[in-house]
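As structure tokens, the structure follows; a few thoughts come after it.
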Amino acid sequence: MSDRVRMWCLRHGESENVTAGIAGALPSAPLTAHGRHQAIEAAQALAAEPITGVYSSTALRAQQTAQVLASGFNLEVSALPELAEAGIGRHEGRADPAVRRRTAEVLRAWVVDQDLQQRVADGETGQHVLDRMTAAFQQIAGTHPGETVVVVGHVASLTLALSRLCALGPGVWGNALPHAQPFLLESDGRTWHCPAWPVTAD
């Protein structure tokens, strides 16, 4: 039996912080009605998969998305704080367009320029985000050898981590992860592979 782990990764469904233009990790922001519908569609897309575990960040919107997916497989959601969105420190929860622009600039520096020391205000560096996300993926892979699982996370932290783990490079920049669209991550215990990066439909 192969020990290769298959992880269906996805960004949470549309949430109220997104529609309100509020920046930050925002652990208490819930899904919108549309986001719940997106989660249901993701569950339907994965219904035929032999899912044995469902993981999410501790943020409410990620857990709500994961719970929809887990219910179809009679599983409980395992919440990992390491899967959280990138923190932006004192700017957390602000709707200032300048903060959102700075946040995008920092993510671009992490992904395109490979500059992991950049941060928003007193928030996390890219290196910190990458380290904790990598630890989470390694933990999940170690728990499920030869199995298929679901991982629900966030746009910035997933983009940084998987662009590095899968050696996708700066090519993912400009293709922001769409809400609740599963894509595959595979690991043989040593290397990571993303067969395709999702693209938002026009």
Side-chain angles (χ1 to χ4, degrees), residues 1-13 25 39 42-59 61-63 65-70 72-87 107 110-112 114 116 124-173 175-200:
M1 177 179 175
S2 172
D3 286 341
R4 178 174 289 275
V5 181
R6 302 170 74 246
M7 298 185 195
W8 285 101
C9 300
L10 63 152
R11 181 186 182 186
H12 57 81
Q44 292 170 343
L46 296 176
E49 290 289 323
I51 304 297
T52 58
V54 178
Y55 291 82
S56 80
S57 82
T58 52
R61 58 195 183 279
Q63 291 195 63
T65 303
Q67 285 162 3
V68 173
L69 290 151
F73 299 99
N74 295 315
L75 296 170
E76 297 294 324
V77 176
S78 297
L80 299 180
E82 293 84 359
L83 293 172
E85 182 58 298
L107 180 57
W110 293 349
V111 174
V112 178
Q114 310 283 293
L116 297 183
E124 294 181 286
T125 65
Q127 189 63 59
H128 185 265
V129 174
L130 177 61
D131 289 346
R132 63 171 169 80
M133 289 290 290
T134 300
F137 282 120
Q138 290 174 337
Q139 176 185 337
I140 295 167
T143 303
H144 296 275
E147 299 177 6
T148 301
V149 300
V150 173
V151 180
V152 182
H154 303 268
V155 61
S157 52
L158 280 174
T159 299
L160 170 61
L162 298 184
S163 68
R164 284 300 189 96
L165 288 176
C166 299
L168 297 173
V172 300
W173 187 253
N175 292 308
L177 285 177
H179 289 107
Q181 183 173 320
F183 62 101
L184 192 60
L185 169 66
E186 298 176 305
S187 175
D188 60 7
R190 296 179 303 279
T191 60
W192 300 84
H193 177 59
C194 297
W197 188 256
V199 177
T200 304

Heavy atoms of Arg190 and Ser187 approach each other most closely as N-OG, 4.3 Å
What distance do Leu46 atom CG and Leu10 atom CG have between them, rounded to the nearest 0.5 Å? 7.5 Å
Would you confirm whether Ser157, through its side chain, and Ala84, through its main-chain N or O, come within 3.5 Å as a donor-acceptor pair? yes
Spatial distance of atom OG (Ser57) from atom CD (Gln63) [nearest 0.5 Å]: 7.0 Å
What distance separates Asp3 CG from Asp188 CG, expressed to the nearest 0.5 Å? 9.5 Å
Is there side-chain contact between Asp131 and Thr134, with heavy atoms separated by less than 4.5 Å? no
Looking at every heavy atom in both Ala79 and Thr58, which two are closest together, and how far apart are they? CB-CG2, 4.0 Å
Distance (rounded to the nearest 0.5 Å) between Tyr55 OH and Phe137 CZ: 12.0 Å
Ser56 side chain vs Val152 backbone, donor-acceptor pair below 3.5 Å: no
Is there a side-chain contact between Leu116 and Thr125 (heavy atoms, below 4.5 Å)? no
Quick one: does any side-chain atom of Arg61 pair with a main-chain N or O of His12 as donor and acceptor, under 3.5 Å? no
Are the side chains of Trp197 and Thr159 in touch, meaning some heavy atoms are under 4.5 Å apart? yes
Drop me the distance from Leu83's CG to Met133's CE, to the nearest 0.5 angstrom. 5.5 Å
Between CD of Glu186 and CZ of Arg6, what distance do you get to the nearest 0.5 Å? 6.0 Å
Quick one: does any side-chain atom of Glu85 pair with a main-chain N or O of Ala156 as donor and acceptor, under 3.5 Å? yes
Between Phe73 and Glu49, the two heavy atoms sitting closest are CE2-O, 3.2 Å
Val5: which residues meet the side chain to side chain contact (heavy atoms under 4.5 Å, CB included) condition with it, sequence neighbours left out? Met7, Ala141
Closest non-hydrogen atom pair between Ala70 and Val77, with its separation: CB-CG2, 3.8 Å
Taking C-beta and beyond as the side chain, do Leu162 and Phe183 meet within less than 4.5 Å on heavy atoms? yes
Minimal heavy-atom distance between Leu177 and Pro198, with the atoms involved, is CD2-CG, 3.5 Å
Work out which heavy atom in Thr65 is nearest to a heavy atom in Gly13; give both atom names and the distance. OG1-N, 3.1 Å
Short question: side chain of Arg11, backbone of Leu158 - any donor-acceptor pair under 3.5 Å? no
If we only count heavy atoms from C-beta on, is the Val150 to Leu75 side-chain gap below 4.5 Å? no
Can you establish whether the number of heavy atoms outside Glu76 located under 6.0 Å from its atom CD is more than 12? no
Between Leu80 and Ile140, does the side-chain contact (heavy atoms from CB on, under 4.5 Å) criterion hold? Intermediate values first, please. CA-CA 10 Å; Leu80 299 180; Ile140 295 167; 3.9 Å; yes
